[in-house]
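These notes are about the structure you will find just below.
Predicted model only: the values in this text are computed from it and were never measured.
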Amino acid sequence: QLQVVESGGGLVQPGGSLRLSCTASGFNLYDYSIAWFRQAPGQEREGVSCIPVGGDSTKYIDAVKGRFAISRDNAKNTVYLQMNSLKPEDTGVYYCAGIRYYYCSLGATFDVWGQGTQVTVSS
């Protein structure tokens with residue numbers, strides 16, 4: 001069974017940092033491009049960032065550029081999302097998703113989804 005599990009969410013004050021992890025089981029992550037999505041209460045889910053199989057040509061939405069960094073450690077079968085200078089508008093459930101395709105696109109149809117991890121940015 002193909003699964004990804006997110007971890008690392010929590011409550012943080014504005015300006016703080018969190019690192020989310022997305023760990024795969026049942027498949028080799030190095031075959032997949034991975035993306036992070038988020039969904040705020042009452043809003044649609046949006047793509048935040050993605051990383052292709054090769055680890056280069058990462059993509060970010062404008063709202064997180066310069067603050068978030070996506071990376072992958074294929075030896076650990078894990079993708080990370082380092083989130084710095086967090087803002088209240090970053091609050092939401094963060095999901096990781098995988099697609100068995102070399103290149104990444106936040107508009108792609110992803111094959112594997114996790115259950116999400118809650119990120120709350122509040123003072």
Go through the steps for Val4 and Thr23 under the test side-chain contact (heavy atoms from CB on, under 4.5 Å), then give the verdict. CA-CA 5 Å; Val4 289; Thr23 301; over 6 Å; no
side-chain contact (heavy atoms from CB on, under 4.5 Å) with Phe68: which of Asn84, Leu86, Thr58? Leu86
Spell out, as yes or no, whether a donor-acceptor pair under 3.5 Å connects the side chain of Asp31 to the backbone of Arg100. no
Is a side-chain donor or acceptor of Tyr30 paired with a backbone partner of Ala75 at a separation under 3.5 angstrom? no
Nearest heavy-atom contact between Cys104 and Ile51 is SG-N, 3.7 Å
Can you check whether Gln115's main-chain N or O pairs, donor with acceptor, with Glu6's side chain at less than 3.5 Å? yes
Give the minimum heavy-atom separation between Trp36 and Cys22, together with the two atoms involved. CZ2-CB, 3.5 Å
Would you find a donor on one side and an acceptor on the other, under 3.5 Å apart, between the side chain of Arg72 and the backbone of Pro52? yes
Report, as yes or no, whether the 6.0 Å neighbourhood of atom OH on Tyr101 holds more than 12 heavy atoms from other residues, nucleotides or ligands. no
Please check if any side-chain donor atom of Thr78 sits under 3.5 Å from a side-chain acceptor atom of Ser21, or the reverse. no
Distance only, no hydrogens: is a donor on one side chain within 3.5 Å (strictly under) of an acceptor on the other, for Tyr94 and Arg38? yes
Going through the checks in order, is the side-chain contact (heavy atoms from CB on, under 4.5 Å) test met by Cys50 and Ile34? CA-CA 6 Å; Cys50 66; Ile34 300 294; over 6 Å; no
OG of Ser17 to CD of Gln82, rounded to nearest 0.5 Å, is 5.5 Å
Are Leu2 and Asp111 close enough, and set up right, to give a side-chain contact (heavy atoms from CB on, under 4.5 Å), and what steps lead you there? CA-CA 9 Å; Leu2 307 185; Asp111 304 316; over 6 Å; no
Looking at Trp113, is Arg45 sitting on its ring face, NZ or CZ under 6.0 Å from the six-membered ring centre and within 45 degrees of the normal? yes
Taking all heavy atoms of Ile99 and all of Ala108, pick out the closest pair and write down the distance. CD1-CB, 3.9 Å
Sidechain N-carboxylate O distance under 4.0 Å for Asp90, Lys87: no
